[in-house]
Amino acid sequence: MIAPLFLLALSSVLSAIPVKRAQPTDWMQANIGTLGSRPLRHICIPGSHDAGMSEINGGTAFSDAANTQTQTLSIGGQLTAGSRYFDIRPVITAGTYSTGHYSDITAIDSWQGSNGQSIADVISDINSFTSANKELVIINLSHAYDTDAGNSDYPIFTQGQWDALFDQLTGINHLYVDPNPTDVDPNPTAVDLSTVTLSTFIASSPAVVVIVQPDDTIDLGDYASQGFYHYSQLNAYNEYADTSTLSTMESDQLAKMAAQRGTPDQSYFLLSWTLTQSTLDVLGFGDSILELADKADPALYTALPPKLSTSTYPNILFIDNFQNDGKMVDLAMTINTNYAS
């Protein structure tokens with residue numbers, strides 16, 4: 001039995017990318033010679049799922065850290081660790097804007113969830129980071145609910161509530177306004193951000209892009225010329241597996257990558273490498289979200305490499321519990337070096 005076990009171990013090693021270690025905090029700038037001329041759709045970056053949920057600041061009766069906390073590092077910590085795409089889910093709580101993680105639980109006809117970092121703290125973390133690092137930061141806003149309305153039915157933001165949030169977010173320094181609008185439509189809302197090169201974003205300064213979804217219910221108004229964009233302008237294919245089973249999630253996401261990314265100019269692709277709690281997990285009889293992440297994250301380094309090619313690779317490595325161990329940035333840069341171009 002020794003020989004088969006040895007061959008199995010060797011096969012596992014050979015299937016993995018030879019990941020280079022120790023990318024610096026400003027890894028985009030450090031690799032601008034390689035990445036600068038490439039559009040975003042030809043670059044792989046790490047991203048954070050439900051990025052604001054590194055702390056719990058109040059919530060509903062049936063929520064706790066086990067079923068709502070998705071991260072252990074603050075936005076600032078995730079930025080330092082190398083994440084560059086942030087899933088931010090704004091909520092209104094006690095009249096202020098916060099991040100949140102809420103779900104409509106139909107079995108009890110109630111919304112349940114928790115609040116994470118405040119939007120004020122998110123802005124402060126971003127500004128602190130960009131004051132020292134000329135990096136690109138992408139903020140994706142979605143799942144916006146008014147939790148002050150009573151948890152039998154949390155309404156989505158009204159236009160006025162979005163406008164008030166946009167006004168607060170203008171406090172982010174270095175918001176990116178595209179300098180090359182199309183001849184047909186000079187409005188920045190016509191720009192496909194996935195075709196913009198990294199150097200265009202960050203050659204001379206940091207850049208923060210704020211993406212807002214859904215497109216059909218939000219009017220950006222004057223904010224469209226201040227660094228705010230519709231989701232369709234960086235339209236990442238983002239379909240999670242909705243399972244707590246690792247093998248099912250792996251098969252689901254790798255099949256979607258193969259289908260959506262036959263060439264680097266096909267869909268801007270987000271690899272949603274996350275596990276979703278089962279009902280028992282949510283009720284406290286199984287794994288927490290962070291425990292599920294501890295299963296999923298290491299598997300990425302062995303499951304993804306055999307499926308990569310110069311035509312098929314993800315644009316965003318999207319995970320829970322983003323850690324400051326350098327591994328996710330190293331994986332992204334190894335993909336950028338060996339496969340993307």
Side-chain angles (χ1 to χ4, degrees), residues 47-53 60 68 70 85-106 109-120 122-123 137-172 175-178 181-182 184-194 208-240 242 267-270 272 316 318:
S48 300
H49 173 243
D50 229 327
M53 297 304 299
T60 58
T68 55
T70 57
Y85 183 98
F86 296 88
D87 169 26
I88 298 294
R89 305 184 178 195
V91 298
I92 296 173
T93 175
T96 64
Y97 287 99
S98 178
T99 59
H101 183 181
Y102 286 86
S103 300
D104 183 7
I105 311 301
T106 55
D109 192 26
S110 172
W111 284 76
Q112 296 292 316
S114 301
N115 305 317
Q117 276 191 273
S118 69
I119 293 298
V122 170
I123 294 170
V137 180
I138 301 172
I139 304 297
N140 183 67
L141 302 175
S142 67
H143 299 77
Y145 299 110
D146 181 358
T147 68
D148 286 344
N151 68 341
S152 62
D153 185 17
Y154 288 154
I156 61 174
F157 281 8
T158 65
Q159 182 66 51
Q161 289 168 332
W162 274 113
D163 288 343
L165 175 61
F166 296 156
D167 190 60
Q168 184 174 1
L169 290 172
T170 59
I172 296 175
L175 286 170
Y176 176 80
V177 179
D178 188 83
T182 66
V184 176
D185 185 351
N187 193 313
T189 56
V191 175
D192 179 352
L193 293 168
S194 74
V208 181
V209 171
V210 179
I211 305 295
V212 185
Q213 67 178 112
D215 289 357
D216 59 351
T217 60
I218 305 164
D219 180 5
L220 293 180
D222 291 341
Y223 296 103
S225 60
Q226 298 181 54
F228 296 80
Y229 299 86
H230 285 300
Y231 190 81
S232 57
Q233 295 180 260
L234 191 62
N235 192 9
Y237 179 92
N238 178 5
E239 294 290 339
Y240 71 114
D242 195 16
S267 301
Y268 191 69
F269 185 79
L270 182 150
S272 187
I316 303 167
F318 197 56

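Remember, it's a predicted structure, so these values are computed and weren't measured experimentally.
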**Prompt:** Just by modelled atom types, is the Pro155 backbone N or O under 3.5 Å from a matching donor or acceptor in the Asp146 side chain?
**Reply:** no

**Message:** Using a 3.5 Å distance criterion without hydrogens, assess whether the side chain of Gln233 forms a donor-acceptor pair with backbone atoms of Val191.
**Reply:** yes

To the nearest 0.5 Å, what is the distance between [atom1] on [X] and [atom2] on [Y]?
| X | Y | atom1 | atom2 | result |
| --- | --- | --- | --- | --- |
| Asp222 | Thr170 | CG | OG1 | 12.0 Å |
| Asp87 | Met53 | CG | CE | 11.0 Å |
| Ile211 | Tyr229 | CD1 | OH | 8.0 Å |
| Tyr154 | Asp104 | OH | CG | 10.5 Å |
| Ile156 | Thr217 | CD1 | OG1 | 5.0 Å |
| Leu175 | Gln226 | CG | CD | 8.0 Å |

Does [X] have any ring pair (Phe, Tyr, Trp, His ring centres under 6.0 Å) partners at least two apart in sequence or in another chain, and if so, which?
| X | value |
| --- | --- |
| Phe318 | His49 |
| Tyr145 | Trp111 |
| His101 | none |
| Phe157 | Tyr97, Trp162 |

**Asked** Can you list the steps and then say if Val210 with Ile88 is a side-chain contact (heavy atoms from CB on, under 4.5 Å)?
**Response** CA-CA 10 Å; Val210 179; Ile88 298 294; over 6 Å; no

**Request:** Could you list the residues that satisfy side-chain contact (heavy atoms from CB on, under 4.5 Å) with Thr158, not counting sequence neighbours?
**Result:** Gln161

**Prompt:** Among all residues two or more places apart in sequence or in another chain, which pass the side-chain contact (heavy atoms from CB on, under 4.5 Å) test with Asp163?
**Reply:** Gln159, Phe166, Tyr223

Residues in side-chain hydrogen bond (donor to acceptor under 3.5 Å, both in side chains) contact with [X], at least two apart in sequence or another chain:
| X | value |
| --- | --- |
| Thr147 | none |
| Gln112 | Thr60, Ser110 |
| Thr68 | Ser114 |
| Glu239 | none |

What is the minimum heavy-atom distance between [X] and [Y], and which atoms define it?
| X | Y | answer |
| --- | --- | --- |
| Tyr231 | Ala236 | OH-O, 2.7 Å |
| Gly95 | Asp148 | N-OD2, 2.8 Å |
| Tyr237 | Ser267 | CB-CB, 4.3 Å |
| Gln213 | Ser142 | CG-CB, 3.4 Å |

**Request:** Report yes or no: do Tyr176 and Asp178 form a side-chain donor-acceptor pair below 3.5 Å?
**Result:** yes

**Asked** Do Asn115 and Thr93 have side-chain N/O donor and acceptor atoms under 3.5 Å apart?
**Response** yes

**Prompt:** Below 4.5 Å, heavy atoms only, C-beta onward: do Asn235 and Ser194 meet side chain to side chain?
**Reply:** no

**Asked** Got Ile316 and Asn238 here, is their nearest side-chain heavy-atom distance under 4.5 Å?
**Response** no

**Message:** side-chain contact (heavy atoms from CB on, under 4.5 Å) for Ile119 and Thr99? Distances and angles first, verdict last.
**Reply:** CA-CA 6 Å; Ile119 293 298; Thr99 59; 4.1 Å; yes

**Message:** Under the rule for salt bridge (charged side-chain N to carboxylate O under 4.0 Å, His left out), what residues qualify as partners of Asp50, not counting sequence neighbours?
**Reply:** Arg89

**Message:** Under the rule for salt bridge (charged side-chain N to carboxylate O under 4.0 Å, His left out), what residues qualify as partners of Asp192, not counting sequence neighbours?
**Reply:** Arg41

**Request:** Quick one: do Val137 and Ile172 satisfy side-chain contact (heavy atoms from CB on, under 4.5 Å)? Show the steps, please.
**Result:** CA-CA 11 Å; Val137 180; Ile172 296 175; over 6 Å; no

